[in-house]
Amino acid sequence: MSAAEVAAFYAVAMATIWFGDRIRPTILIVALLIVAICVGSNFLHGDSAARIGFAPSQFIPCLTWAMLIVLPVAVPLAFVALKHRFYWPWDLAWSLAGYPVWGFAQEYALLGFVNNRLEEVMAGHESLLPWVNGFLFAMAHLPNPVLMIVTFGAGVAFTSIFRRHRHLVPLALAHAIVGVAIALAFANVNGVMSVGPGYGTRVGTPVFLF
């Protein structure tokens, strides 16, 4: 059942990315739908708040590890953005409010949902779990090579941190910092934050799933 849930979730996600251009709602509505699906699975499996990623005692340890990984990446990207003045114009409200919500939804899916279900599927092979989770997360960002590399690395690292210090908020914050930093540093690169057919449209090369 856990494997079927993960497969169904990614099937719906990929279908939405690749075939949902005309019917896909706004990104914040998609975020709410993702969280709703994950909450439903957590309820069905009886996951505790701590297992989902809301263990108060783990906030500081998780934040410490998240920043140790993220800041060495985000700070150089910020300098690139400042050097080339790619930060202007930019959507301040979205960067400070909208993107963190989107980042939280993705981390909830990656960790509070998929990680927990994979723990049940891969019992006895937990050392491989971060790599599997990172791979699945990267596949959801096809065919953007930049985002696939970043999300694979982040998926492996964040899953490893989460399995030791279960708190979603620091990892969602880290996700938002890196996402905004990439968007600002490479604002002159078409499609840098796009996935699916939208990536091909923005870079000028049509991309098809088959």
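At least one donor-acceptor pair closer than 3.5 Å links the side chain of Arg166 to the backbone N or O of Arg51. The closest donor-acceptor contact from the side chain of Asn116 to the backbone of Asn42 lies at 3.5 Å or more, if one exists at all.
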*So Ile182 and Leu77, side-chain contact (heavy atoms from CB on, under 4.5 Å) or not? Walk me through it.*
CA-CA 7 Å; Ile182 291 173; Leu77 290 173; 3.8 Å; yes
*May I have the step-by-step check of side-chain contact (heavy atoms from CB on, under 4.5 Å) for His141 and Tyr199, ending in yes or no?*
CA-CA 10 Å; His141 293 78; Tyr199 175 77; over 6 Å; no
*Step by step, would you call Leu110 with Leu171 a side-chain contact (heavy atoms from CB on, under 4.5 Å)?*
CA-CA 11 Å; Leu110 177 73; Leu171 297 171; over 6 Å; no
*side-chain contact (heavy atoms from CB on, under 4.5 Å) between Val169 and Phe59: does it pass, once the steps are laid out?*
CA-CA 8 Å; Val169 174; Phe59 179 84; 4.0 Å; yes
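Between atom CE of residue Met14 and atom CG of residue Leu142 there is a gap of 5.0 Å, rounded to the nearest 0.5 Å. We find the CZ-CG distance between Arg117 and Asn133 to be 12.0 Å, quoted to the nearest 0.5 Å. With values rounded to the nearest 0.5 angstrom, Ile17 atom CD1 is found 11.5 Å from Met139 atom CE. To the nearest 0.5 Å, atoms OG1 (Thr151) and CG (Asn144) are separated by 8.5 Å. One finds the OH atom of Tyr10 at 7.0 Å from the CZ atom of Phe137 (value rounded to the nearest 0.5 Å). In this structure, CZ on Arg164 lies 11.5 Å from SG on Cys62, to the nearest 0.5 angstrom.
Gln106 has its side chain out of reach of Phe158: every pair of non-hydrogen atoms, C-beta onward, lies at least 4.5 Å apart. The side-chain heavy atoms of Val195 and Leu147, taken from C-beta on, include a pair separated by under 4.5 Å.
A pairwise comparison of heavy atoms in Phe162 and Leu111 identifies CE2-O, 3.7 Å as the closest pair. For Asp47 against Gly112, the heavy-atom pair with the smallest separation is OD2-O, 4.4 Å.
Using cut-offs of 30° and 60° for the angle between ring planes, the His167 and Phe54 rings count as perpendicular. Ring pair Phe9/Phe113 is perpendicular by interplanar angle, where above 60° counts as perpendicular and below 30° as parallel.
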